Asks: 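I'd like to ask some things about the structure below.
Just so we're clear, the structure is a prediction, and the values are computed from it rather than from any experiment.
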Amino acid sequence: MATRGDSADEPAQAGDYDYQSDDVDRPGMVDDLAQLIDGDVRFDDYSRQLYATDASAYEMTPIGVVIPTSTADVAAVIEYCAEREIPVLPRGGGTSLAGQTVNEAVVLDFSKEMTDVLEMDPDARRARAQPGVKLGDLNRELAPHGLKFAPDPAWGDKSVLGGAIGNNSTGSHSLKYGKTDAYVEEVEVVLADGTVTTFGEVSLSDLRARADPDGDLEARFYAEVNRIVEEEADEVREQYPDLKRNVSGYNLDRLVDEAETGSVNLARLLAGSEGTLAVITAATVSLEPVPETKAIGLLTYDDLLDAMSDVAPILEHDPAAVEVMDDVLLDLARDTSEFADVVGMLPENTDSVLLVEFYADSDEAGRQKVADLIADRVPGDDAEADPSADAADRTDAPPRARAAMEAHDAETREKFWKMRKAGLPILLGRTSDAKHIAFIEDTAIPAENLPDYVADFQEILEDHDTFASYYAHAGPGVLHIRPLINTKTVEGIEQMESIADAATDLVVKYDGSVSGEHGDGRARTQWNRKLYGDRLWQAFRDLKTAVDPDWLLNPGNICGDMDMTENLRFDPDYEFDAGFDSVLEWDNENGMQGMVELCHGCGGCRGPQETTGGVMCPTYRASQEEITATRGRANLLRQAMSGDLDQEAADVEFMHEVLDLCIGCKGCSKDCPSEVDLAKLKAEVTHEHHQRHGSSLRDRLFANIDALNAVGSALAPLSNWLAKVPGARTVMEKTVGIASERSLPEFHRESLVDWFESRGGAQVSAAEADHRVLLFPDTYTTYNAPDAGKAAVRVLEAANVHVGIPDDVTGSGRPPFSKGFLDQAREQARTNVDALAPRVDDGWDVVVVEPSDAVMLQSDYRDLLDGDDVDAVAANTYGVMEYLDTFRLDEALATDAPAETLTYHGHCHQKSTRKDHHAVGVLRRAGYGVDPLDSGCCGMAGSFGYEAEHYSMSQAIGDVLFGQVDESDGDRLVAPGASCRTQLGDEYDEKPPTPVEALASALD
């Protein structure tokens, strides 16, 4: 493996960016707080708008944002705000679905600085951590000890420990693990007046001794808790539903249950309190062992109600999880490339499925559990193992499942789970005004009542002339149901509240809860009075008042005067005006507006590389700043186009401070659950910016790099020598803005086209060839890296392919497209389509060596042009390794690969179009070992890493990749992209070859 340069031990910083706008609200308050704390104080327009939304349907502009670094910072902010009666809102990852992390308050963002695991005690199975630590990161540190924090919310690699406690979160495996409150042992908190204290287990006698209704806030809290235990216990037992998954209201049922043992844990009373009682600054949690293995049985049904009727008997088999997907989601999954093969394995006319997962001590035990389930629920199906003797008699409920599938190996289990977890992204991919909105999406109903509840709920939806999908946690009775509603209309608002009201009536009727997972927030607080009755509603308010007499901590949630239809992100007063007409093709409802409004705020772009993987979002991973995440940019773009920001999207300030650091990696178009394509949106806005304000010399130079490369090649080697003259790089940085630290591409006097002609063109005749290929002469391969092109020709001809290089094409259009010169990119695309389409129609395929240029023809041309010709060219264009793999041409090659393992870093654009796997398959069949990195962008991103002001960010992004490369056991590094190879070449002692060069070197 190549070795790192001298700076390898010095992690790059993400640059001198302040991530804030110039307009600052309440500057006096900013100055005051800045003097009190070590953390950042941000009251600018951008920061306030960034924290105005979360993953819910709501939007409220906060007073300002503080990023604390310590408990002392938190205490100082809260004390300052208490003296001035200013509300405060603690916030983690902003993944809340009920709106509990938006409010007109000072937001404390714990997710950036207060993220440490403070202590671990594996023997005692406990850990102590700060509230901002991501659950995925916590579990990654616990993994070597065979332990985990058991609650597993779907976004655990993006959501944080403080949020899990605040929401009393759980997840798919709550049948085994219950909710977060079961694992909270002790918390350090800051009370509403700035007092720092600790809550944990306390005996009832100590509770009474500390209680004083006229004392300080802590004493008043003890007094009110004691009163609830002594005076409200019977009412709590009467009104609270008997459910594993109730998180509505305050956690009084656990309090009352614990009191029967002679002690209570006040830390657990804060679970589910949504930051309304105290602000947690550290928490000690208990841990669970990681299960030895797992097994899955996937049961199929003709009808959703049949599936619901089967849940209760399935629970008799003691599963770890029971998840449901209905016909709406299955039909949508059939239309996706990722899940079509799994859904295609289901019996014809399958309406719904139940995914039943078991934990087991061995693979044999796991197979036994699935076999017993199948014998009981699908008696006609054969299982992989023999069922127990009594399996068929486990329950007396009639079997309703149609068929069963099994998953025992990790890969198949993951595929089944991915299909289930695809529910949310599939639903949230709508770009219409009507959205699948979260407001009654996690009611919890006892399993035995699910069939009747679902039947009645379907009638509610029909009465309101809409529909929803039913999916998620059927085992504990928590069905995610998101009706399709257009809240931009008065009728939609009325429809939303009417459905929620009727759903609450059903919940009461069937002994359920209005929230089994996602909390009360703005969506469900108003229904707690109907759920629990006036007496407990007042008890909630008394508890809140005792510890927060001025209602300053996240006011309104759980027991406040909230209207679920207020403060919606989209309401009848919402107006959208981009300020310009889009010039790209938008193949979706509502065009560019639909894409701008698509981000629902789940925070999928905020996951770290280590636990989340994938491409998105490289600048966030380097900076940990909300404004650099896809969610942040998408929200600010929408707010600029809807009037929430004073400036327009194409204004100079917005371009430089919001969109400038989007590197166009296209990772969001794949890794974002809703597939928000911010790179395409940036191209639109940048194009408009050029129209209004002109463009820089550097932008024009990079947009026309094809011409510059041609000149550089013609003047080589003089052009290479000039670039190495002492002081040349400094001059380039000062005049054009190209970073002096960067090595510049070298030019070859003999271009790829020259070489091909000098060798006499194709060496395999068209008549004898199995395939005919036009090797597209992308600018980098042609002038800067012709060896990669030569390797492609050699490999293709070895596979009996007739190769030609077209002479009537121009540049791919990638450089001007990336820099926002869309008219120029369209002209180049039209020239190439006109040249290539007739030959494609005649049976030729188009192959491209450089990945970004290949994806340009395959994907981005459809954004610039429409018509049959562009579709034909796009459909018949391939990256070189993709072409070999698709047609299995490499299987005919005689290869003798060295006995080495290649560390493979793929290209972002290929990953975004799900084409990155082809090179790995081809190289492995050639005899190489391959370690494919689950890596993000290299940080170079075309011209981005060359630009002086972006160099530090480019290196900070690169550091994430460099760490992965260093950890790989590969002997040699390969990468297909020109930018990636430049970045890696600058960091290591040699520039890595392309995969096709590695393949060519293995040819006999």
Asks: Using side-chain contact (heavy atoms from CB on, under 4.5 Å), reason through Arg862 and Asp871 one step at a time and then give a plain yes or no.
Replies: CA-CA 7 Å; Arg862 298 177 191 264; Asp871 289 341; 2.9 Å; yes
Asks: Who pairs with Lys915 by salt bridge (charged side-chain N to carboxylate O under 4.0 Å, His left out), at least two apart in sequence or on another chain?
Replies: Glu882
Asks: Are Val247 and Asn167 packed together at the side-chain level, in the sense that at least one heavy-atom pair is separated by less than 4.5 angstrom?
Replies: no
Asks: For the atom pair CE (Met60) and CG (Asn567), what is the distance rounded to the nearest 0.5 Å?
Replies: 4.0 Å
Asks: Checking the side chain of Arg48 only, and the main-chain atoms of Gly64 only, is there a donor and an acceptor separated by less than 3.5 Å?
Replies: no
Asks: How are the rings of Tyr453 and Phe457 set relative to one another: parallel (under 30°), tilted (30 to 60°) or perpendicular (over 60°)?
Replies: tilted
Asks: Quick one: does Gln100's side chain have a donor or acceptor within less than 3.5 Å of a partner on Ala98's backbone?
Replies: yes
Asks: The criterion is side-chain hydrogen bond (donor to acceptor under 3.5 Å, both in side chains); which residues satisfy it with Arg529, sequence neighbours excluded?
Replies: Asp534
Asks: Measure the CG-OG distance between Leu479 and Ser469 for me, rounded to the nearest 0.5 Å.
Replies: 10.0 Å
Asks: May I ask you to decide if Asp573's main-chain N or O and Asp571's side chain share a donor-acceptor pair within less than 3.5 Å?
Replies: yes
Asks: Salt bridge check: are Glu648 and Arg692 linked by an N-O gap of less than 4.0 Å?
Replies: yes
Asks: Assess whether salt bridge (Lys or Arg N to Asp or Glu O under 4.0 Å) is satisfied between Asp54 and Arg91, documenting all intermediate values.
Replies: CA-CA 10 Å; Asp54 52 13; Arg91 173 169 163 142; 5.4 Å; no
Asks: Within the structure provided, determine whether Trp417 and Glu323 are in side-chain contact (heavy-atom separation under 4.5 Å).
Replies: yes
Asks: Are the side chains of His600 and Ser674 in touch, meaning some heavy atoms are under 4.5 Å apart?
Replies: yes
Asks: List the steps and the verdict of ring pair (Phe, Tyr, Trp, His ring centres under 6.0 Å) for Phe821 and Phe817.
Replies: CA-CA 6 Å; Phe821 296 92; Phe817 189 92; over 10 Å; no
Asks: Begin with the C-alpha distance, continue with both residues' side-chain angles, and end with the deciding distance and a verdict on salt bridge (Lys or Arg N to Asp or Glu O under 4.0 Å) for Arg633 and Glu626.
Replies: CA-CA 8 Å; Arg633 293 191 185 103; Glu626 178 75 16; over 6 Å; no
Asks: Between Arg524 and Asp442 (salt bridge meaning N to carboxylate O under 4.0 Å), is one present in this structure?
Replies: yes
Asks: Backbone N or O of Leu304 within a donor-acceptor pair of the Asp351 side chain at under 3.5 Å?
Replies: yes
Asks: The test is ring pair (Phe, Tyr, Trp, His ring centres under 6.0 Å); show your working for His436 and Phe467 and say whether it passes.
Replies: CA-CA 9 Å; His436 288 282; Phe467 71 96; 5.7 Å; yes
Asks: Just wondering, more than 12 heavy atoms not from Glu104 lying within 6.0 Å of its CD?
Replies: no
Asks: Does Ser818 reach the main-chain N or O of Arg814 with its side chain, forming a donor-acceptor pair under 3.5 Å?
Replies: yes
Asks: Let me see the working for Asn590 and Asp433 under side-chain hydrogen bond (donor to acceptor under 3.5 Å, both in side chains), right down to the final yes or no.
Replies: CA-CA 8 Å; Asn590 279 0; Asp433 287 338; 2.9 Å; yes
Asks: Using 4.0 Å as the upper bound for N to carboxylate O, is an ion pair formed by Lys509 and Asp456?
Replies: yes
Asks: With a 4.0 Å cut-off, would you call Arg245 and Glu517 a salt bridge?
Replies: yes
Asks: Hey, does the side chain of Thr466 reach the backbone of Leu484 with a donor-acceptor pair shorter than 3.5 angstrom?
Replies: yes
Asks: Take Glu497 and Phe439 through the side-chain contact (heavy atoms from CB on, under 4.5 Å) test and state the conclusion after the steps.
Replies: CA-CA 9 Å; Glu497 185 164 19; Phe439 64 97; over 6 Å; no
Asks: May I have the step-by-step check of side-chain contact (heavy atoms from CB on, under 4.5 Å) for Thr53 and Arg569, ending in yes or no?
Replies: CA-CA 8 Å; Thr53 56; Arg569 190 183 308 186; 3.8 Å; yes
Asks: Which distance, rounded to the nearest 0.5 Å, do you find between the NE2 of His909 and the OG of Ser859?
Replies: 9.5 Å
Asks: Does a side-chain N-to-carboxylate-O contact under 4.0 Å join Arg42 and Glu625?
Replies: yes
Asks: Checking Glu441 against Arg482 for the salt bridge (Lys or Arg N to Asp or Glu O under 4.0 Å) test, could you report, in this order, the C-alpha distance in whole Å, the side-chain angles of both residues, the deciding distance, and whether it holds?
Replies: CA-CA 5 Å; Glu441 86 288 353; Arg482 292 189 175 215; 5.1 Å; no
Asks: Taking it one step at a time, do Ser96 and His518 satisfy side-chain hydrogen bond (donor to acceptor under 3.5 Å, both in side chains)?
Replies: CA-CA 7 Å; Ser96 299; His518 298 150; over 6 Å; no
Asks: Please lay out, stage by stage, how Asp326 and Ser352 fare under the test side-chain hydrogen bond (donor to acceptor under 3.5 Å, both in side chains).
Replies: CA-CA 4 Å; Asp326 72 351; Ser352 301; over 6 Å; no
Asks: Short question: side chain of Gln639, backbone of Gln49 - any donor-acceptor pair under 3.5 Å?
Replies: yes
Asks: Are any of the side-chain heavy atoms of Asp44 and Asp25 separated by less than 4.5 Å?
Replies: no
Asks: Is the shortest side-chain N to carboxylate O distance from Arg522 to Glu566 below 4.0 Å?
Replies: no
Asks: Report yes if some heavy atom in the side chain of Val615 is under 4.5 Å from a heavy atom in the side chain of Lys670; otherwise report no.
Replies: no
Asks: Are the side chains of Arg621 and Thr619 in touch, meaning some heavy atoms are under 4.5 Å apart?
Replies: no
Asks: Could you walk me through whether His690 and Thr686 pass the side-chain contact (heavy atoms from CB on, under 4.5 Å) check?
Replies: CA-CA 6 Å; His690 291 330; Thr686 306; 3.6 Å; yes
Asks: Is the shortest heavy-atom distance from the side chain of Leu428 to the side chain of Lys435 under 4.5 Å?
Replies: no
Asks: Could you walk me through whether Lys680 and Asp860 pass the salt bridge (Lys or Arg N to Asp or Glu O under 4.0 Å) check?
Replies: CA-CA 9 Å; Lys680 185 176 176 181; Asp860 299 291; over 6 Å; no
Asks: Whether Arg638 and Glu597 form a salt bridge (side-chain N of Lys/Arg under 4.0 Å from carboxylate O of Asp/Glu) is what I want to check.
Replies: no
Asks: Decide, yes or no, whether a salt bridge links Lys488 with Glu575 under the criterion of side-chain N to carboxylate O below 4.0 Å.
Replies: no
Asks: Using a 3.5 Å distance criterion without hydrogens, assess whether the side chain of Asp671 forms a donor-acceptor pair with backbone atoms of Met616.
Replies: yes
Asks: Given Asp520, which of Thr276, Leu531, Asn528 fulfils the side chain to side chain contact (heavy atoms under 4.5 Å, CB included) condition?
Replies: Asn528
Asks: So do Leu681 and Trp586 actually touch side chain to side chain, heavy atoms under 4.5 Å?
Replies: yes
Asks: Sub-3.5 Å donor-acceptor pair from the side chain of Thr525 to the main-chain atoms of Cys559, do we have one?
Replies: no
Asks: Answer yes or no: is there a donor N or O on one side and an acceptor on the other, between the side chain of Gln647 and the main chain of Phe654, under 3.5 Å?
Replies: yes
Asks: Around atom CG of Asp563, are there more than 12 heavy atoms from other residues, nucleotides or ligands closer than 6.0 Å?
Replies: yes
Asks: Please test Tyr510 against Asp452 for side-chain hydrogen bond (donor to acceptor under 3.5 Å, both in side chains), starting from the C-alpha separation and ending with a verdict.
Replies: CA-CA 8 Å; Tyr510 290 113; Asp452 292 336; 4.8 Å; no
